[in-house]
Amino acid sequence: MPTNVLMPALSPTMEKGKLAKWLKKEGDTVKSGDILAEIETDKATMEVEAVDEGILGRILIADGTEDVAVNTPIAVILSDGEKASDIKAAPPPALRATSPVKGEDKLVIAPPPSLSSPRAGEVVRSAGGGLRVFASPLARRIARQKGLDLATLNGSGPHGRIVLKDVESAKPGAVATRPSTAPMAPGMTEEAVLKLFEPGSYDLVPHDGMRKIIAKRLTESKLTIPHFYVSMDITLDTLLALRERLNLQAPKDKDGKPAWKISVNDFIIKALAMALMKVPDANVSWTDSAMVKHHHADVGVAVSIPGGLITPVVRKAETKGLAQISIEMKDYAGRARVRKLKPEEYTGGSTAVSNLGMMGVKNFAAVINPPHATILAVGAGERRPVVRGHDIVIEQQMSVTLSTDHRCVDGALGAELLGAFKAFVEEPGLMLV
């Protein structure tokens with residue numbers, strides 16, 4: 001019988017993804033392991049492989065379709081002797097894709113008849129408890145520019161959907177024709193925010209998948225994790241001198257380029273990993289029933305990419321040399337910027353580093369990214385006057401702030417961890433003994 005190809009879960013947190021591009025077309029012969037399509041998640045672009053042999057009988061989800069739920073059928077593969085007429089699977093729920101031309105978005109798959117649709121002009125309660133108005137993206141955008149509340153309009157499109165002509169014929173300030181069916185969500189609604197600004201004085205840039213996930217996860221982090229912060233100033237002179245000597249000793253490849261170039265951030269990754277080994281009670285993750293005590297220090301490193309950031313993880317960082325960490329991070333950063341990291345390369349970890357020093361930031365506090373219990377925010381290194389005994393000397397220093405999950409790493413434990421980190425940075429030779 002025909003076999004459905006399902007939208008895969010490419011990471012533990014993935015709920016939806018964008019079907020970016022089909023690499024096979026209907027009627028093509030496919031073999032196990034063939035690449036069928038490219039999927040964009042909140043973090044990366046991944047390839048979907050065929051697990052069955054046969055003919056790609058039907059593509060159910062078109063190129064460019066966003067918000068395709070995990071396990072949704074996206075295509076059907078036919079075995080030998082089967083025909084397209086043998087495909088009897090019910091179509092998935094309606095999904096919308098961005099049209100390649102200006103105008104209304106296009107309906108990729110119509111909802112099956114068994115699914116009830118809202119009546120004309122109906123506002124329904126969404127799964128999150130808010131209000132959902134059925135309208136095309138173009139209608140929503142024009143409504144925002146005109147200062148219109150979509151909840152006041154009646155839709156003339158299919159199943160009562162509000163389309164462009166409904167918005168163009170509406171007048172700002174129109175009285176709502178139906179009452180609200182749900183309470184106002186905490187904070188200001190999108191319509192309420194836009195009403196504060198003159199129509200035409202702004203542009204609306206839709207959130208991509210990555211930005212949505214970042215907002216969701218970090219909001220949950222601040223709401224559910226009791227953050228506690230400890231800060232220290234750390235002297236870098238010994239580390240910088242060692243870094244210069246090590247980089248001068250790097251072997252050259254056939255093109256005369258050094259095999260590695262160790263950065264201050266590489267030292268920071270190593271020092272944080274060693275500090276977690278020295279203070280193992282801080283190398284943990286919180287669950288409601290138990291404390292997860294990690295055997296190794298898997299250090300995530302925040303990498304800025306277009307549209308957001310991603311945190312590739314240096315596994316067992318305490319066991320790796322500075323050159324190896326440097327080479328890994330260069331590879332991770334390069335592939336992260338083109339969204340080619342594998343899920344196992346950016347998930348998990350027991351802590352993280354966020355370094356804004358290269359942007360001139362002196363100090364800041366970072367938001368914990370679960371399941372981590374800590375994250376280290378690193379500021380810029382700068383020459384500062386420091387009191388040593390009865391003398392004032394000039395030293396290269398940086399300020400760091402450790403954010404901790406107070407449920408499992410309290411203030412004293414966080415201070416102990418940061419003190420161990422400071423000792424390794426100020427005397428990096430300690431990382432070798």
Side-chain angles (χ1 to χ4, degrees), residues 1-115 136-137 158 206 208-210 213 305-307 334-347:
M1 60 180 296
T3 302
N4 284 338
V5 179
L6 304 181
M7 183 71 168
L10 301 177
S11 73
T13 59
M14 178 177 169
E15 297 177 356
K16 298 179 180 179
K18 176 181 178 180
L19 205 160
K21 181 181 180 181
W22 280 102
L23 302 178
K24 296 283 188 178
K25 61 182 184 294
E26 291 184 358
D28 283 355
T29 299
V30 296
K31 298 179 181 179
S32 179
D34 283 355
I35 306 302
L36 297 178
E38 292 182 350
I39 303 294
E40 290 183 9
T41 71
D42 57 298
K43 299 288 188 180
T45 299
M46 306 294 290
E47 296 173 336
V48 178
E49 294 185 2
V51 296
D52 294 287
E53 296 184 354
I55 304 295
L56 185 58
R58 182 174 300 172
I59 291 175
L60 302 176
I61 306 296
D63 288 355
T65 303
E66 299 185 1
D67 295 334
V68 183
V70 168
N71 291 328
T72 297
I74 60 175
V76 179
I77 292 180
L78 301 173
S79 301
D80 289 341
E82 294 178 334
K83 298 176 293 185
S85 59
D86 296 327
I87 300 174
K88 299 179 181 179
L95 295 163
R96 301 194 178 277
T98 302
S99 175
V101 296
K102 295 182 179 180
E104 293 294 317
D105 65 332
K106 57 183 179 182
L107 187 62
V108 178
I109 299 175
S114 59
L115 296 178
S136 73
D208 63 11
M210 174 174 288
I213 294 296
I305 63 176
R335 288 191 290 120
R337 293 188 179 100
V338 293
R339 299 195 177 193
K340 291 298 184 182
L341 288 178
K342 301 175 183 177
E344 60 268 24
E345 293 174 325
Y346 59 78
T347 55

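The first residue in the sequence is number 1, and the count goes up from there.
- The closest side-chain heavy-atom distance from Lys18 to Val68 is not below 4.5 Å.
- Side-chain contact check for Ile55 versus Ile77: every heavy-atom pair is 4.5 Å or farther apart.
- For Lys24, the salt bridge (Lys or Arg N to Asp or Glu O under 4.0 Å) partners are Asp34, not counting sequence neighbours.
- Contact of the Ile74 side chain with the Leu19 side chain is registered, since non-hydrogen atoms from C-beta on lie closer than 4.5 Å.
- Between atom CG of residue Asn4 and atom CG of residue Asn71 there is a gap of 11.0 Å, rounded to the nearest 0.5 Å.
- Heavy-atom minimum distance, Ala75 versus Leu56: CB-CD1, 3.8 Å.
- Looking only at side-chain heavy atoms (C-beta outward), Val48 and Glu38 stay at 4.5 Å or farther from each other.
- Ile305 and Ala336 make their closest contact through CG2-O, 3.6 Å (heavy atoms, listed as atom of the first residue, atom of the second, distance).
- Residues Arg339 and Pro306 approach most closely at NH2-O, 3.6 Å, considering heavy atoms.
- Annotation for Ala69 and Met7: closest pair O-CB, 3.4 Å, computed over non-hydrogen atoms.
- A search for salt bridge (Lys or Arg N to Asp or Glu O under 4.0 Å) contacts involving Lys25 returns Asp28, not counting sequence neighbours.
- Ion pair Glu345/Arg335 flagged as a salt bridge, since at least one NZ, NE, NH1 or NH2 atom sits closer than 4.0 Å to an Asp/Glu carboxylate oxygen.
- Applying the side-chain contact (heavy atoms from CB on, under 4.5 Å) test to Val338 and every residue at least two apart in sequence or in another chain returns Lys340.
- Taking each heavy atom of Leu60 and Arg58 in turn, the nearest pair found is CD2-CD, 3.7 Å.
- A distance of 4.5 Å separates CD1 of Ile35 from CD of Glu49, quoted to the nearest 0.5 Å.
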